[in-house]
Amino acid sequence: MTTTGKSRSGSDRGEAGNDSKRYTPANIEKKWQAKWEKDGIYNAADHVEGKENFFSLVMFPYPSGDIHMGHWFQYSGSDAYARFKRMQGYNVMHPQGFDSFGLPAENAAIEHGEDPREWTYLNIENSRRQFREMGGSYDWTRELVTSDPEYYKWNQYFFLQFLKNGLAYRKDGQVNWCPKDQTTLANEQVKDGVCERCGTIVVKRALPQWYFAITKYADELLNFDQIDWPEKIKTMQTNWIGRSTGTTIGFDVSEFASGEQIDTFTTRIDTVYGVTFVVLAPEHPLVRKLTQPSQKEAVEAYVANAALQTEIDRTSTEREKTGIATGAYCINPLNGERVPVLIGDYVLATYGTGAVMGVPAHDQRDFIFAKKYDLEIRVVISPPDWGGGELDEAWIPAGTQVNSGEFDGLPSREGFDAIADKIEANKWGERTITYHLRDWLISRQRFWGTPIPIVYCDDCGTVAVPEKDLPVLLPDSLKFEADGKSPLTKDPNFLNTTCPDCGKAAKRETDTLDTFVCSSWYHLRFASPNPSEDPFDDDQIRAWAPVTAYQGGSEHAVMHLLYSRFFNMALRDLGYVDFDEPYTKLTNQGMLIKDGKKISKRSNPLPPDPVVEKHGADTLRCYLMFLGPWDQGGDWSDSGINGITRWLGRIWDVAQRDESVLGSSGSDEAERDLERASHLTTQRVLADMELFKFNTSIAALMEFTTKLMRSHDSGDVSAASWRAGVDRLLLHTAPLAPHIAEELWERTGHSGSIHLALNPEFDESLTTSDTITLAIQVQGKLRDQIEVPAGIDEASAIAAAKSAENVIRHLEGMAIVKEIYVPGRLVNIVVRPAN
RNA sequence: GGGGGAGUGGCGAAAUGGCAGACGCGCAUGCCUUAGGAGCAUGUGCCUUAACAGGCGUGUGGGUUCGAAUCCCACCUUCCCCA
């Protein structure tokens, strides 16, 4: 830094205390943050006479260290919206908390031997400070921390209610297993197929896991009628749920395994006469029974290899499909044909029935597979003009049934139903609806989470912990040790307990709940933060829920946002709430990236504290909101922040100008002009804020700021209308830059917080002017612009257009074909050469 | 592999069927200043032109329309999420 620079900033600091002329964020931001908190102006009462409640919720953060710039992006926008709604006259509740269970705390424990609890609560402390420095309008009396026993107790309680009502169950699931460490691994702990710690190749292994029965709600989750959500989120959820209608059909294998059949599911039963092979997933239970002695060795090797592959690899279309014969055959019930049974790792045991029928002529994957293994390709849906020759690729579209026995000649669309009817009549299978959605696996083999309240007793089996014994507490000390096992599995005080039923010695469940359970109902606890005997108070839920407006990233489209909807529907059916959907309106903010990549504490850091220190919280908030459309995110760069610094400096300057230099009345034209700008600004800002278009709101306010400066400079507006304009500017700026707006509100003689004031109003009739500029096009190309009276009729507009100088030139030698007038906007004259 | 976005000046962007580039950054020139990493004013898509004016222009190729950044079809690039 140069000497000049140093002395300048030094003098800034020196003057700051008494020179109120200069905008110095550090001098005002802390002051107002303290005052707002002391006065509790953002604390929401459950009922306020004459005001409608508005629950404005933003997805709460995971406290992984600093609140980073991405959080600032998210929370600046959502806070501006909550403030805007408050100024619209709503009784706004805008809570904040911490989603504090989860893997990063465990990683800190694993890497640095820290206690995840200490690590987490230290981070929370730091995050609270940053939230305050942001100037968020949060109601901190409602704060919740999901790793507090008062909170996770209710996760356990809901788990038990779900268990009682058939919505929670335990069954075998595939987990990552490290054979050396003898432990399960989270997906994140598997790097390139090997154990993160010891480098051993990780295998898939079946272990009992807990599930929530979300698939019971698959159809209701497909219905979005009651909620105002972005189309893209609804599309993602719809695709994720993946409802498809089709037919199951069994292929008899009793020749090789008595009494058994292979169940397959297909959406194209019309092609069933074209089945020339059947493929099983390597994990399919029939694999062992069907494999013939000659194939045994090869099949075992193939199955072992498949266990090492990820699903990505196995289902990738880039990779060549592989398969291996079992040596067994099955019978196609439709035509009695005997077709080979193969094993292919591109078939997943967890999807559908874990077996597919191979129809190479009408499925491209099967086609390539059949070519490779020299299997028959039989056309059963004839393409139009098909001469009976070999196909170059699978024919997917509809056609005419051929080689399909009694169904030959039918259009395949009719063949679909006719064949399905026959299958159902003969009880070979039935029409079925399947979903891509699977039940929600809630077991985590981790230690920083909600303990699942279950006890295993040798005599009584799986026993639920009685509600009166909740919460099942996490042990105080959770030190991770080098063997890779969860501390819960080794802590005798936690592990050893007595059976609630028979009183004998028993072991606790050591799995913890997925952290998405915490976030599935946290909004209800915000609405009702205090009860200790119930998860929440019904009257408070009625006052606030469902959430009026919810904001968060679209990366949660198919996990959190689907789980929460399921959770709400389940709670409704169990009698806890009386509404169907948890979040009425959803808005996604985009992702803030830096240098083209996601911001991350480790690999791509961007700490906000230095920026706040240099420019102030208001400047940073506005800059982030000005970067671009909030719902599309933005690419951070330091270069533009000066624009916001200048703008706030100009507001600071204009608001404190001496109005006594202006007269008690101004010129008609200038008054009218300022009035129009004022009402137009309010119209634009109110509309844009409602749509989370903060960038264009700020652009409108920048223009208005300039307008007010010029009006004052020119001196031809009245003091009263100029001052009213300044008030309007401050009120609109308040949600975006809350500290400076509050400071200037006070300095310009107002009493009470600007944040409890109401938005200005506008009169649309005052936003228009007497004349408009019409664009004149010839052949759709702009040729001139003319000034005309605002209410001009079509004929006069076209006449005026035709007499514009530059237009005359372009009409020369042309015959007019058509004249188009778009009221208030343009005239387009369509011509052709006049012979 | 599946799913969802996004491509517009040197840069962030605006405009959702009607004047492409509002607003801001940066840059240039000028004013003010002992000074400027301050402030103010003016200009700034590219090409041709002394000027008037004209041509080109919203990732690429096609289409619909009097008129397309915007709607439709195909493709390319890129980001995010899930497995």
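In what follows, chains carry the letters A, B, and so on, assigned in the order in which the sequence lines appear, proteins first and then strands, with residues in each chain numbered from 1. Just so it is clear, the values below take in all heavy atoms, side chains as well, and ignore hydrogens, waters and symmetry mates.
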Distance between C1' atoms of B:A6 and B:U16 (Å, rounded) = 16 Å

Aromatic ring proximity, centroids under 6.0 angstrom, A:Phe212 and A:Tyr563 = no

query = How far does the C1' atom of B:U64 sit from the matching atom of B:C81, given to the nearest Å?
reply = 35 Å

note = Going 5' to 3' through nucleotides 21-30 of chain B and flagging B where a protein heavy-atom sits under 4.0 Å of the base, S where only the sugar-phosphate is that close, and - otherwise, we get -BBSSS----

request  = Could you measure between the two P atoms, the one in B:G43 and the one in B:U49, and give it in whole Å?
outcome  = 24 Å

Taking N or O atoms only and anything under 3.5 Å, show me the protein contacts with nucleotides 80-82 of chain B, one pair per line.
from  : atom 1 : to       : atom 2 : distance (Å)
B:C81 : OP1    : A:Lys598 : NZ     : 2.9
B:C81 : O2'    : A:Glu555 : O      : 3.4

message = Checking one value: the base orientation of B:G9, syn if chi is within 90 degrees of 0, otherwise anti.
response = syn

ask   = Judged by atom type as modelled, is there a donor-acceptor pair below 3.5 Å linking the side chain of A:Asn588 to the main-chain atoms of A:Gly552?
value = yes

request  = Under the ring-ring contact (aromatic ring centres under 6.0 Å, His included) rule, collect the residues that match up with A:Tyr211, sequence neighbours excluded.
outcome  = A:Tyr169

query = A:Arg783 side chain N/O closer than 4.0 Å to the phosphate oxygens (OP1, OP2) of B:A53?
reply = no

task = Please state the C1' separation for the pair B:G17 and B:C23 - nearest whole angstrom.
result = 24 Å

message = Using OP1 and OP2 only, check whether a side-chain N or O of A:Lys693 sits under 4.0 Å from B:A15.
response = yes

query = What does nucleotides 64-75 of chain B look like as a protein-contact string, B for base, S for sugar-phosphate only, - for none, at under 4.0 angstrom between heavy atoms?
reply = --B---------

Neighbour count above 12 (heavy atom, 6.0 Å) for A:Glu690 CD = yes

ask   = Is it true that a side-chain atom of A:Gln683 and a backbone atom of A:Phe762 form a donor plus acceptor pair closer than 3.5 Å?
value = no

ask   = Between B:G62 and B:G57, how far is it from one P atom to the other, in whole Å?
value = 12 Å

ask   = Backbone N or O of A:Leu221 within a donor-acceptor pair of the A:Arg565 side chain at under 3.5 Å?
value = yes

P gap between B:U8 and B:G61, integer Å = 16 Å

task = Could you provide the dot-bracket string of RNA chain B, using ( ) for intrastrand pairs, [ ] for crossing pairs and | for bases paired to another strand, with Watson-Crick or G-U pairs below 3.5 Å?
result = (((((((..(((.....[....)))((((((.......))))))((((....))))..(((((..]....)))))))))))).

inquiry  = Restricting to side chain to side chain contact (heavy atoms under 4.5 Å, CB included), what partner residues turn up for A:Lys818, sequence neighbours left out?
reply    = A:Ile820, A:Val830

ask   = Roughly how far apart, to the nearest Å, are B:A50 and B:A68 at atom P?
value = 32 Å

key: Nearest-Å distance once atom P is located in both B:C11 and B:G1   = 32 Å

ask   = Do the side-chain N or O atoms of A:Asn239 get closer than 4.0 angstrom to the phosphate oxygens (OP1, OP2) of B:G4?
value = yes

task = Could you check A:Tyr623 against A:Trp72 for ring pair (Phe, Tyr, Trp, His ring centres under 6.0 Å), going step by step and ending with a plain yes or no?
result = CA-CA 11 Å; A:Tyr623 179 54; A:Trp72 270 76; over 10 Å; no

ask   = OP1, OP2 of B:G54 versus side-chain N and O of A:Asn806: anything below 4.0 Å?
value = yes

